[in-house]
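Report on the following structure.
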Amino acid sequence: MATSAQIKALIRSFSDGDEERFFAIAMQMAAQAARQGHTKLAQELRDLVDGAKGRAKDRPSGQRTRPGPLVQPRGELAGVLTAAYPKARLSDMALDDAVRSRLERILLEHRHRGRIHEHGLTPIRKPLLVGPPGTGKTMTATVLAGELGLPLFTIQLHALITKYLGETAAKLRLIFDTIQEVRGVYLFDEFDALGGRRTARNDVGEIRRVLNSFLQFLELELEQDASDSILVAATNHARLLDRALFRRFDTVIEYALPAPDAARQVMGARLSLLDTSKVDWAPVLAATEGLSHGELSRACEHAAKDAILANRSQVSTQDLLHALAERRTAQG
């Protein structure tokens with residue numbers, strides 16, 4: 001039979017006017033009934049959904065309701081969650097083919113999540129992003145939200161983790177309740193601050209309890225299976241994460257420093273408003289080794305400002321080499 005989470009999600013989707021979500025949950029319930037041997041009930045539910053979908057298509061488009069934009073979180077979540085409505089697209093990112101393919105698969109599954117739900121399956125909802133700083137992990141959450149037309153909720157870990165016993169776990173519960181209730185992309189950035197190994201020598205009891213709570217909430221979210229939100233966790237230090245976490249995520253995507261082709265793409269995009277026709281890219285790309293996407297973008301901005309301040313519309317090879325050398329020095 002339907003779980004309590006499915007029933008609540010069904011009511012929420014109805015009250016929000018989200019027909020697609022309403023039908024998807026109903027098909028989940030039908031699939032679950034079929035798995036439990038209630039074949040007649042499962043078929044009746046499918047027939048009801050098919051009939052309702054047909055009537056919905058016959059209505060003028062102006063009569064179809066859509067969920068409205070969500071305001072900034074309030075109350076107890078005001079300092080813990082921030083909301084944004086990004087317009088970024090996957091084409092804005094310079095990624096290697098393997099990472100781009102993984103992200104395209106996530107987008108594809110969510111764009112066709114209704115069909116996936118009809119077969120008792122769920123789209124990828126919990127990607128773990130790992131890799132060096134500045135390689136596009138945070139930007140990925142922004143792009144997923146922008147591509148799917150969803151709000152991006154960023155969890156503020158400095159506000160989430162407190163010194164008071166039990167308070168952090170209580171806030172975590174509020175966040176996971178919101179993940180169930182409000183469809184969006186939820187970003188846990190610098191995730192190692194929350195998901196560090198429970199056996200670490202410098203660990204404290206409260207952090208261990210918080211991680212245990214997080215694992216329990218993730219497990220419960222999997223069991224309830226009633227959310228189409230995407231939970232993105234990003235870390236620069238995958239080796240610090242508790243090993244139990246990796247089993248709770250649907251997929252782990254590894255980001256790397258840009259190869260020369262990707263570096264050229266990043267720099268070309270950042271310098272698109274200036275003339276780069278006379279840049280000798282061979283020494284410039286050789287100088288990008290070891291620098292992240294973010295570092296390359298900052299170097300390009302520096303080189304562009306050098307040209308503008310010198311009343312030039314053209315960026316030189318020397319401008320770029322100088323800016324890249326400064327970024328490398330700043331790296332230490």
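Checking side-chain atoms of H293 against main-chain N and O of A94 turns up a donor-acceptor pair under 3.5 Å. Between the side chain of S101 and the backbone N or O of D97, no donor-acceptor pair lies under 3.5 Å. At least one donor-acceptor pair under 3.5 Å links the side chain of T329 to the backbone N or O of A325. In this structure, R327 contributes its side chain and S292 its backbone to no donor-acceptor pair below 3.5 Å.
Closest of all the heavy-atom pairs between L321 and P283 is CD2-O, 3.7 Å. Heavy-atom minimum distance, A256 versus P132: CA-CD, 4.3 Å. Nearest heavy atom pair, residue A238 against residue V130, reads CB-CG1, 3.7 Å. A299 approaches A323 most closely through the heavy-atom pair O-CB, 3.2 Å. E109 approaches P123 most closely through the heavy-atom pair OE1-CA, 3.3 Å.
For the residue pair D319 / H302, no side-chain donor-acceptor distance below 3.5 Å is found, with atom types taken as modelled. With hydrogens and angles left out, the side-chain atoms of T138 and D189 include a donor and acceptor closer than 3.5 Å. Side-chain contact check for T235 and E190: no donor-acceptor pair (N or O, by modelled atom type) lies under 3.5 Å. R125 and S229 share no donor-acceptor pair across their side chains, judged by distance under 3.5 Å alone.
The shortest distance between side-chain heavy atoms of R239 and H237 falls below 4.5 Å. Taking 4.5 Å as the limit, some side-chain heavy atom of F249 sits within range of a side-chain heavy atom of L231. The shortest side-chain heavy-atom distance between L296 and L324 falls under the 4.5 Å cut-off. Annotation: side chain of H110 is in contact with side chain of R183 (closest heavy-atom distance under 4.5 Å). Taking 4.5 Å as the limit, every side-chain heavy atom of R248 sits out of range of all side-chain heavy atoms of K126. Q43 has its side chain out of reach of K40: every pair of non-hydrogen atoms, C-beta onward, lies at least 4.5 Å apart. The closest side-chain heavy-atom distance from F153 to T178 is not below 4.5 Å.
From Q318, atom CD reaches atom CG of D306 across 10.5 Å, with rounding to the nearest 0.5 Å. One distance of note links NZ of K305 with SG of C300; it measures 12.0 Å at 0.5 Å rounding. The OG atom of S316 sits 11.0 Å away from atom CG of D275, with the distance rounded to the nearest 0.5 Å. Note that the CD atom of Q180 and the CG atom of D228 stand 10.0 Å from one another [nearest 0.5 Å]. Summarising the geometry, atom CG belonging to D96 is positioned 11.0 Å from atom CD belonging to Q265; distances are rounded to the nearest 0.5 Å. Atom CD of residue Q156 and atom CD1 of residue I175 lie 10.0 Å apart, to the nearest 0.5 angstrom.
Other residues, nucleotides and ligands contribute at most 12 non-hydrogen atoms within 6.0 Å of the CD atom of E254. Heavy-atom neighbours of R173 CZ from other residues, nucleotides or ligands within 6.0 Å: at or below the threshold of 12. The environment of R100 atom CZ is dense: over 12 non-hydrogen atoms of other residues, nucleotides or ligands sit within 6.0 angstrom. In the displayed structure, R312 atom CZ is contacted under 6.0 Å by more than 12 heavy atoms of other residues, nucleotides or ligands.
Applying the under-4.5 Å side-chain rule to Ile, Leu, Val, Met, Phe, Trp and Tyr, the cluster around I124 extends to L90, M93, L95, V99, L103, I106, L107, L129, M139, V143, L144, L148, L150, L152, V185, L187, I230, V232, I253, Y255.
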Exercise for review: With side chain to side chain contact (heavy atoms under 4.5 Å, CB included) as the test, would you mind laying out the steps for L257 and T135 before giving the verdict?
Suggested key: CA-CA 6 Å; L257 296 174; T135 49; 4.0 Å; yes
Practice item. Evaluate the criterion side chain to side chain contact (heavy atoms under 4.5 Å, CB included) for residue pair L320 and W281; output intermediate values, then yes/no. Key: CA-CA 10 Å; L320 289 171; W281 286 104; 4.2 Å; yes
Exercise for review: Give the C-alpha distance, both sets of side-chain angles, the deciding distance and a yes or no for salt bridge (charged side-chain N to carboxylate O under 4.0 Å, His left out) between E295 and R328.
Suggested key: CA-CA 9 Å; E295 294 288 350; R328 196 175 298 282; over 6 Å; no
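The aromatic ring centroids of F191 and F214 lie less than 6.0 Å from each other.
Annotation: salt bridge (Lys or Arg N to Asp or Glu O under 4.0 Å) contacts of E289 (sequence neighbours excluded): none.
Checking each of V266, V279, T276 against L271 for a side chain to side chain contact (heavy atoms under 4.5 Å, CB included) leaves exactly one that passes, namely T276.
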